[in-house]
Participant: 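Just dropping this structure here.
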Number of protein chains: 2
Amino acid sequence: MTDATTGTTALAHEVLAAVLQVRAGSLQVVLWERAMEPHAHKWSLPGGSLRADEDVEASIRRQLAEKVDVRKVSHVEQLAVFSAPDRVPGPRVVATAFLCLVPSHLDPELPPDTAWHPLDALPPTAFDHETIAIRAQNRLRSKLSYTNIGFALAPPAFTISELRELYSAALGYRVSATNLQRVLARRGLLVPTGETAKPGRAGGRPAAQFRFADTRMAVTDPFAVLRPPAGDGAIGRTY
Amino acid sequence: MTDATTGTTALAHEVLAAVLQVRAGSLQVVLWERAMEPHAHKWSLPGGSLRADEDVEASIRRQLAEKVDVRKVSHVEQLAVFSAPDRVPGPRVVATAFLCLVPSHLDPELPPDTAWHPLDALPPTAFDHETIAIRAQNRLRSKLSYTNIGFALAPPAFTISELRELYSAALGYRVSATNLQRVLARRGLLVPTGETAKPGRAGGRPAAQFRFADTRMAVTDPFAVLRPPAGDGAIGRTY
DNA sequence: TCAAAAGTGTTCGCCATACACCCATGG
DNA sequence: CCATGGGTGTATGGCGAACACTTTTGA
């Protein structure tokens, strides 16, 4: 495996996706059941090997296309590299893992060996894929509080109650609709559509509908303790 | 390069380190000057290829040992994968980049072709190494405000003034000693050593010395908008 | 006694939460 | 007209920033 002229070691590189969506009130991930060894009948993250003409992000989008309609993926972000020498049996494979999100109003068709699984009740998983899936969940949970990443979980228009369900499911605890509304509004993330949703059979006031102002991820809570002074007191080389 | 039995493509994998330290009032990075093509006389991040028996973190620590005394590195953290097909000329090389920090009281010996360079005045750099170095700088700046990562830049004991200099240099703007002291104290990160530093030639009150309570990175500002309710209202499967 | 540097007390404003109360609809 | 769910007003507590003021030293 070693190239004597360069001293480099050739190895395989794969990309893996943790595709997350809120379904039936819980955060779920796409897994496919392995038919063959190694780890037959265990569940794996979708992915595959990196080709010569693509970078890792292009690769994960291509690989996903074989499992779900990639146009339904609303956000893709690099998670980390997993490189333990024995992470898969046989020849060495290094993996770059991604967090991908699908908005809740879509239900992409999946191949027969592939299914959604709640992150808090995963089936037996292959290799280090459970670690990767949990890491993706944690990344999403963190980013929900200081970015606008909620747009990637939500349909184009929604009521605050619906959004509250999504946040609650993704975060794993009840979120107050009142505060969710205020926090997102203050940050300028919510735009009223003018439409209202019809009340359910039990009655109640019709809910106003909103959409997210932006559909690209941005940090919305600079959370910067020790932030620059008001006068933008940037320093040059010395001070 | 393609293995017909698996469909995988073999490629080289390298690890690169952005080793940062506050020196002479500015944040600097270790670079070495390339003697040979490609990119002769341009400056590169230290690193090298991943070996078969090590993961990427073990690899970067081994590679660094050839440039700086690794025992002087106080923090190592994965940054991202850089994988553009043409990021280096010749055979494909995918890189995993790391952020590494050296506390300010140490001055590791460097090989003759290697030197510290301020991040805001980088020399001509090879490949995508400038992007990686700047990404490392941004990661450090973010983490200074919501983690205890300052410990990795600071000597074992320091005065608030000295710590202020470090934070100012790393962040690129003046930081108030008053608020720095209060923020870190409230979070329980600072422990008084009992010692005081002698005033300089201009006189002044002697400064109390402190150390960091922890020397492993931890998130100290949960900054969690939408945090769990006081009663820890975790939800099970449905609600 | 004065200048310089370190450290503290206090005020201010913002933000996230909690909670009470008002609004609009179906039955 | 009442139950139900949606939405708003308001009080509270905490935190970060700013700034004035006190403390302790060298000259």
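Letters A, B, ... mirror the listed sequences (proteins, then strands); counts begin at 1. It should be emphasised that the depicted structure is a prediction, and the values quoted were computed from it without experimental measurement.
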Participant: Could you check how far CG of B/Leu189 sits from C1' of D/dC15, rounded to whole Å?
Facilitator: 15 Å
Participant: Toward the 5' end of DNA chain D, which comes first, A/Arg182 or A/Arg205, by nearest nucleotide?
Facilitator: A/Arg205
Participant: Do A/Pro155 and A/Leu166 make a side-chain contact, defined as non-hydrogen atoms from C-beta onward lying under 4.5 Å apart?
Facilitator: yes
Participant: Mind checking side chain to side chain donor-acceptor pair (under 3.5 Å) for A/Asp55 and listing every partner two or more places apart, or none if nothing turns up?
Facilitator: none
Participant: Provide, to the nearest angstrom, the distance between the OH atom belonging to A/Tyr146 and the P atom belonging to C/dA16.
Facilitator: 15 Å
Participant: Please state how far atom CG in A/Leu144 lies from atom C1' in C/dA16, giving the value in whole angstrom units.
Facilitator: 17 Å
Participant: For B/Leu190 and C/dA6, what is the distance between atoms CG and P respectively, to the nearest whole Å?
Facilitator: 15 Å
Participant: Assuming nearest nucleotide by heavy-atom distance, tell me which of B/Thr178 and A/Lys198 is located more 5' along DNA chain C.
Facilitator: B/Thr178
Participant: Count the heavy atoms of every other residue, nucleotide or ligand shown that sit under 6.0 Å from CZ of B/Arg87, and state whether that count exceeds 12.
Facilitator: yes
Participant: Let me know the distance between CD of A/Glu162 and P of D/dG5, rounded to the nearest Å.
Facilitator: 15 Å
Participant: Given C/dA18, C/dG7, D/dA18, identify the nucleotide with an atom nearest to the side chain of B/Asn179.
Facilitator: D/dA18
Participant: Please list, by residue number, the residues of residues 206-213 of chain A whose heavy atoms come closer than 4.0 Å to an atom of DNA chain D; answer none if no residue qualifies.
Facilitator: A/Pro206, A/Ala207, A/Ala208
Participant: Check whether any side-chain N or O of A/Ser161 sits under 4.0 Å from OP1 or OP2 of D/dG6, and answer yes or no.
Facilitator: yes
Participant: Where the side chain of A/Val183 is defined as all heavy atoms beyond and including C-beta, which of D/dT23, C/dT17, D/dG7 is the nearest nucleotide?
Facilitator: C/dT17
Participant: To the nearest Å, how far apart are A/Arg164 CZ and D/dG5 C1'?
Facilitator: 11 Å
Participant: Quick one: A/Leu180 CG to D/dT8 C1', roughly how many Å, whole number?
Facilitator: 15 Å
Participant: Does B/Val94 offer a backbone N or O that forms a donor-acceptor pair with the side chain of B/Ser83 under 3.5 Å?
Facilitator: no
Participant: With a 4.5 Å limit on heavy-atom distance, are the side chains of A/Ser44 and A/His129 in contact?
Facilitator: yes
Participant: Name the residue from A/Glu57, A/Arg61, A/Gln63 that meets the side chain to side chain contact (heavy atoms under 4.5 Å, CB included) definition with A/Phe98.
Facilitator: A/Glu57
Participant: Check every atom of C/dC19, D/dG16, D/dT24 against the side chain of B/Arg187 and return the nucleotide holding the closest atom.
Facilitator: D/dG16
Participant: Any side-chain N or O of B/Gln181 under 4.0 Å from OP1/OP2 of C/dT8?
Facilitator: yes
Participant: Just how far, in rounded Å, is C1' of D/dA17 from OH of B/Tyr173?
Facilitator: 12 Å
Participant: Kindly indicate whether the side chain of A/Phe82, heavy atoms from C-beta on, has any atom under 4.5 Å from the side chain of A/Leu16.
Facilitator: no
